[in-house]
*Asks:* 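Before I ask anything, here is the structure I am working with.
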Protein chains: 2
Amino acid sequence: MTNRQEDILKFIKKFLDQNGFPPTYREIGRHFSISSTFGVKRHLDALIKKGYINIDSNSNRSISLTDKSLSLFNEIQENNSVEIPILGRVAAGYPVFAEENIEGTLYIDSSLINKGNNYFGLKVRGDSMIDDGIFEGDTVIVKSQNDAINNDIIIAMVDNDTTVKRYKKSGSKINLIPANKNYNNIEVTKRDNFSILGKVVGVYRIYN
Amino acid sequence: MTNRQEDILKFIKKFLDQNGFPPTYREIGRHFSISSTFGVKRHLDALIKKGYINIDSNSNRSISLTDKSLSLFNEIQENNSVEIPILGRVAAGYPVFAEENIEGTLYIDSSLINKGNNYFGLKVRGDSMIDDGIFEGDTVIVKSQNDAINNDIIIAMVDNDTTVKRYKKSGSKINLIPANKNYNNIEVTKRDNFSILGKVVGVYRIYN
DNA sequence: AAATATAGTGATAAAATGTTCACTATGTCA
DNA sequence: TGACATAGTGAACATTTTATCACTATATTT
C-alpha cells in the first residue's frame with residue numbers, strides 16, 4: 001500500500017466513524033484535492049486489489065472496510081483500552097472471528113496488545129493448566145497467530161475442539177503439554193486435524 | 001413509532017451491520033414489497049421526525065442511526081472500560097489512594113466493578129497464593145473495603161506491609177490463610193497492627 | 001532507454017438514487 | 001360521521017454518483 005492509498009484508507013475510516021456511512025468518490029476527491037473521480041477510482045481499485053476495502057459494484061456509496069483493514073486500525077480508543085471479542089465454541093474450518101463465534105466483548109488495557117494484530121478472549125474449560133495458574137472459568141487473552149515457539153502457551157484446535165496447552169516441538173514431534181500432573185501430553189505429530197489459533201498473552205479472572 | 005416503522009428501522013440496522021453502509025430507498029422498498037420510493041420515503045421522514053435516524057439531504061445512501069435508536073437496540077457502549085489506579089507500596093496509616101502510592105493505571109472491563117465503590121490494582125509479590133492461581137507478578141483487582149466475610153481473598157495490611165490471603169474468622173480469631181502448603185497461617189487475633197484494605201475481585205496476568 | 005507502476009486532469013456517459021406529484025385505501029379517534 | 005394519521009401506487013423528474021475515455025506527468029525498475 002502506498003502512502004497515498006493509506007491516507008485515503010484512513011480518510012474512509014474516519015468518515016465512516018463520523019457519519020455512519022462511507023464517502024463518495026467526490027467526497028474523497030474533495031478532501032484530497034483530486035478533481036477527477038477517475039483519480040479517486042484508481043486508488044480505490046488499488047485498495048480493493050490489495051484487500052483493504054470492498055465496493056459493491058453497480059451501487060454507490062458502498063465502500064466497506066475489510067477485516068484486514070480493520071485490524072490495521074485495531075480500534076484503539078483514546079482511553080487506552082481496547083475492545084476484543086470473547087469467543088465461544090470455535091468450530092474447525094470456520095473463520096475464528098465469525099459472528100457466530102462471538103459471545104461477548106471485553107475491554108482490556110491496551111498495554112496488552114500490539115497494534116496490527118488481532119486479539120480475542122476465550123473462556124477456559126477444564127483444569128489442565130492449573131499449575132500455570134490458568135483455572136476453569138478464567139478468560140485467556142489470545143493473540144491470533146498460526147505458529148508458536150517452544151514454551152508458548154497456545155490455543156490449539158485438536159479434533160475440532162479448542163484446548164489451552166503449552167507448545168513444545170522437538171524435531172518433527174509436536175507436544176501439547178498440560179500444566180497438571182493428572183493429564184498426559186498430547187502428541188500431534190501425525191494428526192492433520194491440528195492447528196494453532198493463537199498465543200495466550202494474558203489471563204483475566206473474575207471472582208463470583 | 002408504528003410497527004411498520006419499527007420493522008423498517010430494524011431492517012436498516014441489520015443492513016448496516018451486514019454491509020457497513022445503509023440501504024437505499026429502493027432496497028428498503030424491495031425488502032418490504034413497497035414499489036414506490038415515495039412510500040418508503042414517508043416512513044423514513046417519520047423516523048427522522050421521531051428522532052431515530054438522520055439522513056444527510058442532498059446526498060444519497062446516507063441514512064444513519066441516532067443514539068436514541070442505538071439505545072433501542074441495546075448497543076450503547078458508552079465506556080465499557082474503567083480506569084483504576086495501580087498501587088505500589090502501601091504504607092500503613094496513609095490513605096490508600098494517596099498519590100504517592102499510585103504507580104500507574106489500568107483499564108479494566110466495567111463488568112468487573114460495581115458503581116459507587118473504589119477499586120485499585122495491586123501487583124502481587126511472593127507466591128503464597130499460587131494454589132489459588134494468583135502468581136507473583138499478577139495484578140489483583142481489589143474492591144476497597146474494610147471488612148470481609150469468610151473465604152474472601154483479601155488485601156490485608158499486617159505490620160506495615162500488604163499481603164494477599166484468604167480471610168477466615170472463627171470466634172474472635174482471625175486467620176489469614178495462604179494458598180501454598182509451604183506457608184503458615186497468620187493469626188492476627190491480638191494484633192492491632194492489622195487492617196483490611198479490600199477484597200480481591202479479579203486477577204489480571206500479562207505474559208512477558 | 002524502455003517498460004512499468006503510481007498519480008492526476010477534464011469531459012462525457014451511464015447508472016443509481018432521492019424528490020415530488022396526484023391519487024387510493026384503511027384504520028382510529030373524537 | 002368527519003377529521004386525521006398511516007400506508008401505498010405509478011410516473012416523471014432532478015440530482016448524485018460511478019464508469020470510462022484519451023491524455024499528461026513523475027518516479028522506479030529492468
Side-chain angles (χ1 to χ4, degrees), chain A residues 1-66 68-69 72-73, chain B residues 1-66 68-69 72-73:
Chain A
M1 189 163 46
T2 66
N3 285 339
R4 194 64 162 166
Q5 285 163 14
E6 193 177 339
D7 288 346
I8 287 172
L9 185 59
K10 280 180 188 160
F11 173 74
I12 294 169
K13 171 76 166 63
K14 196 177 158 195
F15 191 103
L16 271 166
D17 286 346
Q18 286 177 349
N19 300 287
F21 50 85
T24 63
Y25 291 16
R26 275 183 182 73
E27 283 163 342
I28 297 170
R30 206 174 305 140
H31 184 263
F32 290 98
S33 302
I34 301 172
S35 67
S36 170
T37 57
F38 184 54
V40 175
K41 182 170 168 38
R42 254 205 317 236
H43 288 304
L44 297 181
D45 286 344
L47 287 171
I48 293 173
K49 204 171 164 190
K50 291 171 183 174
Y52 291 105
I53 60 172
N54 284 319
I55 298 184
D56 185 1
S57 51
N58 62 355
S59 179
N60 62 32
R61 208 189 270 279
S62 63
I63 303 168
S64 57
L65 301 180
T66 60
K68 180 176 180 180
S69 143
L72 210 71
F73 296 110
Chain B
M1 187 162 48
T2 66
N3 284 339
R4 194 63 162 167
Q5 285 163 15
E6 194 177 338
D7 287 346
I8 287 172
L9 185 58
K10 279 180 189 160
F11 173 73
I12 294 169
K13 169 77 166 63
K14 196 176 159 196
F15 192 102
L16 270 166
D17 286 345
Q18 286 178 349
N19 300 287
F21 50 85
T24 63
Y25 290 18
R26 280 179 180 76
E27 282 163 343
I28 296 170
R30 205 174 306 138
H31 185 261
F32 290 99
S33 301
I34 302 171
S35 67
S36 172
T37 55
F38 184 53
V40 175
K41 183 172 168 36
R42 255 206 316 241
H43 288 303
L44 297 181
D45 286 343
L47 287 171
I48 292 173
K49 205 171 164 188
K50 292 171 184 174
Y52 291 105
I53 62 171
N54 284 318
I55 298 184
D56 186 1
S57 50
N58 62 357
S59 180
N60 63 32
R61 208 189 271 278
S62 64
I63 303 169
S64 58
L65 301 180
T66 61
K68 180 176 179 179
S69 142
L72 210 72
F73 295 109

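In what follows, every chain begins at residue 1, and chains take the letters A, B, ... in the order their sequences are listed. Note that the structure is a prediction, hence the values are computed from the model and not measured.
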*Asks:* Answer with base, sugar-phosphate or nothing: what part of the nucleic acid does A/S36 contact at a heavy-atom distance below 4.0 Å?
*Replies:*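 Base: the residue A/S36, judged by heavy atoms under 4.0 Å, touches a nucleobase.
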*Asks:* Of the non-hydrogen atoms in A/L9 and A/S69, which two are nearest, and what is the gap between them?
*Replies:*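 A/L9 and A/S69 have their closest heavy atoms at CD1-OG, 3.9 Å.
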*Asks:* Could you work out, with side chain to side chain contact (heavy atoms under 4.5 Å, CB included) as the rule, every residue matching B/S59, not counting sequence neighbours?
*Replies:*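 So B/S59 forms a side chain to side chain contact (heavy atoms under 4.5 Å, CB included) with A/R61, B/D56, B/S62.
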*Asks:* Considering all heavy atoms of both residues, which atom of A/K68 and which atom of A/K50 are nearest to each other, and what is their separation?
*Replies:*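 In this case the closest contact between A/K68 and A/K50 is NZ-O, 2.9 Å.
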*Asks:* For nucleotides 27-30 of chain D, list the nitrogen or oxygen atoms of the protein found under 3.5 Å from its nitrogen or oxygen atoms, one pair per line.
*Replies:*
none

*Asks:* First locate atom NZ of B/K41, then atom CD1 of B/I48, and finally report the distance between them rounded to the nearest 0.5 Å.
*Replies:*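 Nearest 0.5 Å value for the NZ-CD1 distance: 6.5 Å.
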*Asks:* Can you check side-chain contact (heavy atoms from CB on, under 4.5 Å) on B/R4 and B/I34, steps first, answer last?
*Replies:* CA-CA 12 Å; B/R4 194 63 162 167; B/I34 302 171; 3.9 Å; yes
*Asks:* Measuring from atom CG of A/D45 to atom CZ of A/R42, what distance do you get when rounded to the nearest 0.5 angstrom?
*Replies:*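 With rounding to 0.5 Å, CG (A/D45) is 9.0 Å from CZ (A/R42).
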*Asks:* Between B/F32 (CZ) and D/dT9 (C1'), how many Å, whole number?
*Replies:*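 It is 18 Å, rounded to the nearest whole Å.
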*Asks:* Between atom NZ in B/K41 and atom C1' in D/dA14, what is the gap in whole Å?
*Replies:*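 Spelled out: NZ on B/K41 to C1' on D/dA14 is 13 Å.
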*Asks:* Output yes when at least one side-chain N/O atom of B/S35 is less than 4.0 Å from OP1 or OP2 of D/dT9, else no.
*Replies:*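 For B/S35, the contact criterion (side-chain N or O under 4.0 Å from OP1 or OP2 of D/dT9) is met.
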*Asks:* Let me know the distance between CG of A/L44 and C1' of D/dT17, rounded to the nearest Å.
*Replies:*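 For the pair A/L44 CG and D/dT17 C1', the rounded distance is 13 Å.
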*Asks:* Not counting sequence neighbours, which residues clear side chain to side chain contact (heavy atoms under 4.5 Å, CB included) with A/S36? List them please.
*Replies:*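 Partners of A/S36 under the side chain to side chain contact (heavy atoms under 4.5 Å, CB included) test: A/F38.
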*Asks:* For D/dA19 and A/Y25 - does any side-chain N or O of the residue sit under 4.0 Å from the phosphate oxygens OP1/OP2?
*Replies:*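 For A/Y25, the contact criterion (side-chain N or O under 4.0 Å from OP1 or OP2 of D/dA19) is met.
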*Asks:* Taking any atom under 4.0 angstrom from a heavy atom of chain B, which nucleotides of DNA chain C are the first and last to qualify, 5' to 3'?
*Replies:*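 Endpoints of the contacted stretch of DNA chain C: C/dT17 to C/dA22.
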*Asks:* Taking the side chain of B/I34 as its heavy atoms from C-beta onward, which of D/dA19, D/dT17, D/dT9 lies nearest to it?
*Replies:*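 Minimum distance to the B/I34 side chain belongs to D/dT9.
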*Asks:* How close or far is atom C1' of D/dT6 from atom CD1 of B/I8, stated in whole angstroms?
*Replies:*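 My rounded result for the distance is 11 Å.
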*Asks:* Give the minimum heavy-atom separation between B/P22 and A/G20, together with the two atoms involved.
*Replies:*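 For B/P22 versus A/G20, the nearest heavy atoms are CD-O, 4.2 Å.
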*Asks:* If you look at every heavy atom in A/K13 and A/D17, which pair is closest and at what distance?
*Replies:*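 Minimum heavy-atom contact is NZ-OD2, 2.7 Å.
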*Asks:* Can you give me the bend angle of the helix from C/dA1-D/dT30 to C/dA30-D/dT1? Use the axis through the first five pairs and the one through the last five, nearest 10 degrees.
*Replies:*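 Between the axes fitted at each end of the helix from C/dA1-D/dT30 to C/dA30-D/dT1 lies an angle of 30°.
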*Asks:* Just to verify, what does A/I12 make a side chain to side chain contact (heavy atoms under 4.5 Å, CB included) with, not counting sequence neighbours?
*Replies:*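 In terms of side chain to side chain contact (heavy atoms under 4.5 Å, CB included), with neighbours along the sequence ignored, A/I12 is linked to A/I8, A/L16, A/P23, A/I28, A/L44, A/I63, A/L65.
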*Asks:* Parallel, tilted or perpendicular for A/H31 and A/F11, by the 30°/60° rule?
*Replies:*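 Plane angle under 30°, so parallel.
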*Asks:* Looking across every strand, which nucleic acid part, if any, lies under 4.0 Å from A/R61 by heavy atom: base, sugar-phosphate, or nothing?
*Replies:*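 The residue A/R61 makes sugar-phosphate contact but no base contact.
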*Asks:* So what does A/T37 touch, heavy atoms closer than 4.0 Å: a base, only the sugar-phosphate, or nothing?
*Replies:*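 Result for A/T37 = base.
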*Asks:* Which pair of heavy atoms, one from A/Y25 and one from A/I55, lies closest together, and at what distance?
*Replies:*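 The pair with the smallest heavy-atom distance is OH-CD1, 3.7 Å.
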*Asks:* Specify the residue among B/N60 and B/A46 whose closest nucleotide of DNA chain D lies further upstream toward the 5′ end.
*Replies:*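 Comparing both residues, the 5'-ward one is B/A46.
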*Asks:* B/L47 CG to D/dA7 C1': how many Å, rounded?
*Replies:*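 Rounding to the nearest Å, CG of B/L47 and C1' of D/dA7 are 13 Å apart.
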*Asks:* A/R42 has an atom CZ; how far is it from atom P of D/dC21, in whole Å?
*Replies:*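 Taking CZ of A/R42 and P of D/dC21, I get 12 Å after rounding.
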*Asks:* What is the distance from CZ of B/F38 to P of D/dT9, rounded to the nearest Å?
*Replies:*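 Taking atom P of D/dT9 as the reference, CZ of B/F38 is at 12 Å.
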